Structures are given as C-alpha cells and as structure tokens.
Number of protein chains: 4
Amino acid sequence: MSNASTLPTRKDAARNRARLLKAALELFGTQTDVTLKDVARQAGVGVGTVYRHFPTKEDLLDALTSDQVTLAVDIAREAAAESDGWQGLTRFLEESMRLQVENGCLRCVVDTGEPFSPVIAEARETIASLVQQIVAKAQQQGTLNADLDATDINLMLLALVAVLDATRATSPDRYRHQLALLLDGMRAENRQAASIA
Amino acid sequence: MSNASTLPTRKDAARNRARLLKAALELFGTQTDVTLKDVARQAGVGVGTVYRHFPTKEDLLDALTSDQVTLAVDIAREAAAESDGWQGLTRFLEESMRLQVENGCLRCVVDTGEPFSPVIAEARETIASLVQQIVAKAQQQGTLNADLDATDINLMLLALVAVLDATRATSPDRYRHQLALLLDGMRAENRQAASIA
Amino acid sequence: MSNASTLPTRKDAARNRARLLKAALELFGTQTDVTLKDVARQAGVGVGTVYRHFPTKEDLLDALTSDQVTLAVDIAREAAAESDGWQGLTRFLEESMRLQVENGCLRCVVDTGEPFSPVIAEARETIASLVQQIVAKAQQQGTLNADLDATDINLMLLALVAVLDATRATSPDRYRHQLALLLDGMRAENRQAASIA
Amino acid sequence: MSNASTLPTRKDAARNRARLLKAALELFGTQTDVTLKDVARQAGVGVGTVYRHFPTKEDLLDALTSDQVTLAVDIAREAAAESDGWQGLTRFLEESMRLQVENGCLRCVVDTGEPFSPVIAEARETIASLVQQIVAKAQQQGTLNADLDATDINLMLLALVAVLDATRATSPDRYRHQLALLLDGMRAENRQAASIA
DNA sequence: TATGAATGAGTGTTCATTCAT
DNA sequence: CATGAATGAACACTCATTCAT
C-alpha cells in the first residue's frame with residue numbers, strides 16, 4: 001500500500017495517505033473529472049494535505065495506478081505459477097477483473113501511450129513478461145490459439161474493463177459473459193480460419 | 001414579418017450547422033478535452049454561432065451522437081436484411097467498427113447510463129430490436145450460441161471500441177484480432193460448457 | 001497606447017484594454033504583489049477580461065512596460081535632438097523622471113536580467129543607443145566627464161527611481177535633489193581624481 | 001519549575017535563532033519570494049522552529065533588519081569619530097555599501113514608510129543623528145555642500161543599493177562609479193548654481 | 001521543545017455560457 | 001443573425017500559519 005519512494009514516518013500521516021488513496025480510488029474508480037477538492041473532502045482532510053502527499057494530481061493518479069498495478073503483478077505471478085497454461089490464463093483474466101470490480105482503477109495496466117511513472121512502466125513490463133510466459137505455456141500445451149500474444153491478453157482486459165464500467169450500475173456481472181465468449185474464441189480447437197477476412 | 005430577404009439565411013444556418021457537426025466530429029472523435037472555442041475555430045465560425053445552433057455543449061454532443069446513431073441504425077438495418085444470420089451479425093459488427101474507425105463517436109450507441117436525448121434513446125431501441133432479429137435468426141439457423149442476446153452484441157461493440165481507442169495511434173487494425181476471437185467464441189459449435197464457472 | 005501586436009477592433013474592447021492598462025499602471029506603479037483580481041476590480045471588469053487581453057500576468061506587465069518604454073524612447077529621441085549635449089542629458093533625465101513620477105512603471109528601462117519581451121528589448125536598445133549619442137556629444141563638447149557611458153545614465157535613472165519610490169508618499173520632489181547632486185558630479189570640470197579609490 | 005535539565009535548551013535555542021537569522025540573511029539577501037520553508041531548510045530545522053523564534057514572517061524580517069541596522073549603527077559611529085568630516089562621510093557610505101554587498105539587507109536603514117519595529121526605528125534615529133553630525137562637521141570644514149542633510153545621505157544609500165541590486169549578477173562593483181559621481185557632486189567647491197532649475 | 005503534517009484562504013488560469021455590437 | 005468580448009465559477013496548486021505528535 002505504501003509506496004517505496006515515500007516514507008510517511010508518522011502514524012497519522014500514514015493514515016491520511018491511506019485515506020487519501022482510498023478516497024481517490026472510490027472517486028476515480030467510478031467517475032472521471034474528479035477534483036482534488038472532492039478527494040480531500042471524501043478523505044476528510046484539507047486540500048493542502050493532498051498536496052503534501054501527492055505534489056501533483058498526476059502523482060496521485062500515479063500512486064493509485066501503482067498500487068493497482070502492483071496487485072496486478074501479484075495476480076500475474078500467481079497465474080504464471082499454474083502448471084496448466086490455460087488454467088493460468090483464465091485465472092489471470094478472472095482475478096484481474098475481480099480487482100477491477102472491486103477497485104475500478106485497472107485501466108492503466110495496458111500501455112495506452114499516456115504519460116506514466118517508471119514504477120508503472122516497470123510493473124507493466126513485468127506483467128507483460130509473465131503473461132507472455134502463460135501464453136507460451138498454454139500454446140505449447142495445445143490449448144491456446146497460436147496467433148495470440150501478451151498484448152492481445154492485455155487488450156482483452158481493456159475491453160472487459162470497458163464492459164464492466166458500462167454495466168457496473170445495472171448488472172456488474174455482465175462482463176463475465178464477454179469473458180466466456182473470449183475464452184471460447186481463444187481455445188485452439190475452436191479456431192475458425194474463415195472467421196474474419 | 002418573414003420576407004424574401006430572410007430566406008437565404010436558412011440555407012446559411014443549415015450549412016453552419018453541418019460545418020459545426022463536422023468540426024465537432026473531427027475533434028471529439030480523436031481527442032477529449034475539446035473546448036467549444038476549438039470547435040468554433042475548426043468550423044470557421046464564432047463561438048456565438050455554436051450556441052445559436054446548440055444551446056449547450058451537451059446538446060452539441062447529443063446531436064453528434066444522434067448523427068452517428070442514425071448511421072448505426074442504417075448499418076443495423078442492412079445487416080438485418082441479410083438472409084444469413086451469422087453473416088448479418090458479422091456485417092453489423094464490422095461495419096459498426098468501420099464507422100468508429102472513421103468517425104470515432106460510437107461510444108454512445110450503447111446505453112451507458114449517461115443522460116441522452118429522446119432521439120438517441122429511440123435509435124438505440126431500434127438498433128437493439130434489429131440486432132435482436134439478427135441474433136434470433138442466427139440462432140435459429142444454428143450458427144450462433146443460444147445464450148447470447150442483443151445486449152451482448154452491443155457490449156461487444158463497446159469493448160472493441162475501447163480496444164480501438166487504445167490502439168488507434170500505434171496499430172489501428174488491432175481490434176480486428178479481438179473481433180475474430182469474439183466471433184469464434186460466438187459460434188454455436190464452439191461453445192464450451194466449462195469455459196467459465 | 002495600443003500595441004502593434006494586438007488589434008482590438010471593437011470600440012468597447014479597446015476601451016476595456018485601455019482601462020485595464022490604466023488600472024494596472026495605477027496599481028503596479030505604487031505597489032508590488034498586485035493580484036489580477038485587483039486589476040480587474042480597479043478596471044471595473046471581470047477577471048476573464050484581463051485574460052482575454054493579456055493571456056498571462058507577465059503579458060500584462062510586459063504591455064505596461066512596453067507602453068512606458070515607448071514613451072521613454074520618445075523622450076530619449078527628443079533629448080538626443082538637442083544641439084547641446086549637456087542640455088540633452090539633463091532633459092533626458094528630468095523628463096524620464098517626470099514619467100516615473102506620473103506613471104511609476106519605469107523600472108524596466110534598465111535591463112536587470114529579468115525576462116522581457118522582444119518589444120521591450122528593442123526599445124531598450126534604442127534608448128541605450130540614443131543615450132550613447134547624447135553622452136558622446138556632451139563629452140565632445142567638454143561638458144561631461146569622459147568616464148561615463150550610457151549604462152551609467154541608465155543606472156542613474158534606476159537610482160533616482162528608487163529614491164522616488166521611497167519618498168513618493170512624504171516628499172515626492174525629493175529625488176530632484178539627488179539628481180542635482182549627480183549632475184554636479186557628472187560635470188567635466190568637477191571631476192576629482194581622488195574622490196574614490 | 002526550572003531545573004538543571006532545561007538549561008542546555010537555552011543554548012540550543014540561541015544557536016537555532018542565530019542559524020535561522022543566518023539562513024534568512026543568505027536567502028533574503030539575494031532573492032525575493034523566499035518561503036519560510038526555504039529558510040527552515042537552509043537553517044536545517046523544521047518550520048515549527050521558525051515560528052517558535054519568530055511568530056510571523058514579518059517578525060523574522062524585522063529581526064533581520066534589526067541586525068543589519070545595528071551593524072549600520074556601528075559603521076555610523078565609527079564614521080562620526082573621524083576628525084575629518086568628508087572622510088567620515090566617505091567612510092560611512094563605503095562601509096555601508098560593503099555591508100550591503102556582503103549581506104544585501106540594507107534596504108531598511110532608510111524609513112520608506114513601511115511598518116517597522118521600535119528597535120529599528122530607534123536605530124534609524126541614531127544613524128540619522130550620527131550622519132547629521134558628520135554632515136555638519138564636513139560643512140563646517142567647508143568640504144561639503146551646504147544644502148545637504150542626513151536624509152539626503154540616507155537616500156543616497158538607498159539609490160546605491162538599487163544600483164547594486166540591479167548589477168550584482170553581472171558587475172557587482174558598478175555601484176562604485178555612481179558613488180564617485182555622487183561624492184563629486186557633494187563637494188562644496190563643485191556646487192553649480194545652474195545644475196537644475 | 002522541535003518537528004513537520006495539516007489547514008485553507010488566496011493565486012494564476014481556463015472555459016462554458018451570456019450579451020453587446 | 002453572426003461575432004467575439006465579457007463574465008465568473010471552478011480548477012490545480014502555493015504558502016503563511018497552526019497544532020498534533
């Protein structure tokens with residue numbers, strides 16, 4: 001939870017930092033156009049406190065993203081540890097989506113060209129490499145289409161996140177259906193040469 | 001009160017409206033954070049003119065959406081006219097995405113809970129109903145999974161749009177791969193009972 | 001008064017620009033730490049109007065300075081036209097100070113290393129060159145110390161401005177005494193070899 | 001209530017006060033827009049400590065000024081002790097400027113109408129009185145213009161400080177030229193009836 | 001007592017919207 | 001009608017000052 005680059009020694013400071021990240025997660029997870037005053041109010045502190053912990057709005061978002069990406073790295077690691085590649089892939093997608101359902105700030109796992117901090121870039125690379133391992137394993141085991149790579153998996157996540165965001169208010173489980181379809185489409189035995197030109 | 005000299009004004013007004021929508025499409029299709037001054041400049045008119053035609057920024061976006069949804073309705077209608085259901089479905093998705101590639105304002109075809117105007121709501125319903133027809137036909141013909149409905153298709157579009165938006169700058173064709181996967185996953189013969197819990 | 005780089009075509013816009021410059025002159029001429037809200041209030045307009053005319057606080061100050069420096073150029077030109085060099089020098093100093101008494105924004109005639117716009121830089125060079133002419137003429141005519149140059153004159157102005165600013169509230173004419181002393185010190189016939197080590 | 005264990009604290013407090021003043025002098029002497037956090041960091045203490053010693057930013061500046069004015073009083077006293085009035089005057093100006101070159105906080109010796117503390121006011125009066133003695137002596141000895149008084153001398157200092165501040169970065173000795181001119185202008189024998197109207 | 005975290009009024013600046021020309 | 005100047009609420013961010021640790 002606490003970033004390596006910042007070390008809030010005092011207890012109350014650490015608590016405020018956590019509160020701020022929690023508040024920010026709650027707000028940015030569901031809306032865009034969140035002001036820092038909103039975050040401060042939600043966290044029950046003054047604006048100045050936001051700036052003490054995060055010198056810039058960008059920095060707050062980076063910290064938020066870092067936290068989520070760190071959790072995502074753990075998920076990828078556990079998924080890569082599965083001996084069955086297909087199982088690993090399924091687990092990676094499902095657990096990542098569970099993270100998004102709970103926190104709603106996963107957008108950033110995929111590199112969309114937006115500015116990001118080194119920490120995030122590194123985590124992304126780690127995830128990409130782990131996913132690549134999972135993909136390779138599943139392909140060797142003959143359960144995954146040969147024409148997929150790590151980027152496809154990341155984009156799938158992005159797609160599912162979009163679905164979740166759109167349906168969260170009315171039927172937050174809906175994305176699972178899409179995930180099922182995608183998984184079916186990814187099975188090696190289901191590949192259709194003529195699906196698309 | 002109305003005389004001959006005021007007639008050409010109507011033409012001008014219509015032309016300005018078209019110009020504004022074109023300008024807005026060009027800008028909102030690729031960026032966010034577009035100001036109305038930007039739109040006015042792109043259209044070659046003053047800000048006041050924007051407000052004459054669209055009392056509110058929201059109204060402009062609604063009009064933009066309406067245009068796109070209208071085009072989407074046409075696509076859906078043509079797709080529904082195909083005798084082969086699977087073909088119709090494929091066509092609907094591919095053509096809709098082509099629209100998004102070109103115009104970039106398809107976000108709104110799916111109801112995401114955001115406020116929208118009656119005309120958009122109506123068009124959405126029309127599309128939903130047409131897609132439902134396509135889906136039913138394909139299912140009757142035994143080519144489409146039985147557990148899919150029109151909403152799934154719309155959400156698929158939403159997902160693909162997210163992929164396109166993220167990859168537009170670097171590899172704008174990437175979404176086609178995701179589409180292929182989804183199509184494979186949707187084929188009746190490929191349905192896996194155990195894909196997901 | 002109106003800058004060449006900006007062309008306020010409308011009458012009311014031009015009036016507001018003039019009002020803003022007037023208000024800014026009144027405020028910046030006597031105080032530091034003036035906010036743009038202060039300027040807006042003093043001018044009787046909204047803050048937005050300040051930004052329409054001057055995209056940046058710096059720009060407003062630049063415009064203010066430009067105006068004053070332009071007036072200063074005229075003074076220098078007239079002073080350089082005097083056939084008597086000493087007379088020209090006296091005139092330059094007295095008239096420049098009159099400008100400062102009235103407007104209070106002359107600080108900028110001397111290059112103090114702060115950022116400034118090209119317009120100001122150019123005007124400064126023009127003034128420096130004219131003052132150099134005056135100095136040379138007076139030195140040729142044997143009325144001015146040989147060891148003075150245009151920079152000395154500018155620094156003298158700076159010094160006198162400091163005196164004026166400090167005494168404006170209590171005895172705004174006091175600077176004239178300092179000016180008299182400096183003029184006496186500049187007369188060729190009064191040069192003391194041993195005045196300072 | 002007071003015991004042996006609190007005694008060393010006094011020493012610490014005194015040392016911190018000195019450190020703070022030193023740090024403040026270093027920062028305010030060369031820049032404007034110095035924050036109290038800057039001062040605290042430069043002094044190696046926390047902000048809270050600044051406020052323990054100086055309840056207000058203004059108070060810190062007052063203390064700074066007091067220190068400098070005290071040094072200036074010493075200079076004035078030594079200068080007044082010279083038997084030769086002109087020598088005393090020269091010494092006063094040169095030494096005062098040396099102070100400004102080194103510390104850069106002399107602004108305050110002259111009453112510019114800004115708020116100031118009683119101790120500063122008193123020191124100013126002392127200086128004024130000493131300078132008045134020097135001036136009177138030199139006038140009696142026939143080396144100084146009859147129309148000068150202590151205020152003129154203080155304003156001269158102010159003027160020279162302005163010159164120094166403007167030229168410090170590029171040619172910090174430049175002010176000496178202005179000083180030479182002023183001294184020449186102040187010599188009784190160089191008085192020109194017609195220097196200024 | 002020293003520390004530095006917390007505070008919030010205040011800055012410069014933007015932009016949707018209104019209104020005089 | 002079209003224009004673009006005027007408006008002011010709102011934003012990201014700063015900093016003198018207070019207060020919990």
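None of these values were measured; they are calculated from a predicted model. Chain naming here is simple, since letters A, B, ... match the order of the sequence lines and numbering starts at 1 in each.
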S.K.: Just N and O in the side chain of B:Arg52: are any of them under 4.0 Å from OP1 or OP2 of F:dA2?
M.R.: yes
S.K.: Could you tell me how far apart C:Arg41 (CZ) and E:dG10 (P) are, to the nearest whole angstrom?
M.R.: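 My rounded result for the distance is 11 Å.
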S.K.: To the nearest angstrom, how far is D:Asp38 atom CG from E:dG4 atom P?
M.R.: 15 Å
S.K.: Are any of C:His53's side-chain N or O atoms less than 4.0 Å away from OP1 or OP2 of F:dA6?
M.R.: yes
S.K.: Searching all strands shown, indicate the nucleotide that pairs with F:dA20 (Watson-Crick or G-U wobble; both distances under 3.5 Å).
M.R.: E:dT3
S.K.: Just how far is it from atom CG of B:Asn16 to atom CZ of B:Arg52, taken to the nearest 0.5 Å?
M.R.: 10.5 Å
S.K.: Please compare B:Val45 and C:Gly46 by the position of their nearest nucleotide in DNA chain F and report the one closer to 5'.
M.R.: B:Val45
S.K.: Rounded to whole Å, please give me the gap between CG in A:Leu61 and P in F:dC13.
M.R.: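 For the pair A:Leu61 CG and F:dC13 P, the rounded distance is 10 Å.
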S.K.: Tell me, do C:Thr32 and D:Thr32 make a side-chain contact under 4.5 Å, heavy atoms counted?
M.R.: no
S.K.: Can you tell me how far C1' of F:dC1 sits from CG of B:Leu20, to the nearest Å?
M.R.: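 After rounding, the gap between these two atoms is 14 Å.
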S.K.: With the sugar-phosphate defined as primed atoms, P, OP1 and OP2, and the base as all remaining atoms, what B/S/- string results for nucleotides 14-21 of chain F, 5' to 3', for protein heavy atoms under 4.0 Å?
M.R.: BSSBB-BS
S.K.: Taking the side chain as everything from C-beta on, heavy atoms only, tell me whether A:Gln31 gets closer than 4.5 Å to A:Val34.
M.R.: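 In short, these two side chains touch, coming nearer than 4.5 Å.
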S.K.: Nearest whole angstrom, please: distance from the C1' of E:dT13 to the CG of C:Leu60.
M.R.: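 Atom CG in C:Leu60 sits about 14 Å away from atom C1' in E:dT13.
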S.K.: Please step through side-chain contact (heavy atoms from CB on, under 4.5 Å) for the pair C:Leu64 and C:Asp67, ending with a clear verdict.
M.R.: CA-CA 5 Å; C:Leu64 219 51; C:Asp67 276 6; 5.9 Å; no
S.K.: Would D:Asp38 and D:Arg41 satisfy salt bridge (charged side-chain N to carboxylate O under 4.0 Å, His left out), going step by step from the backbone distance to the final call?
M.R.: CA-CA 5 Å; D:Asp38 291 337; D:Arg41 189 184 308 118; 3.6 Å; yes
S.K.: Calculate the interatomic distance between C:Asn16 atom CG and F:dT7 atom C1'; express it in whole Å.
M.R.: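 About 11 Å, once rounded to whole Å.
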S.K.: Going through the checks in order, is the side-chain contact (heavy atoms from CB on, under 4.5 Å) test met by A:Thr30 and A:Glu26?
M.R.: CA-CA 7 Å; A:Thr30 54; A:Glu26 286 164 14; over 6 Å; no
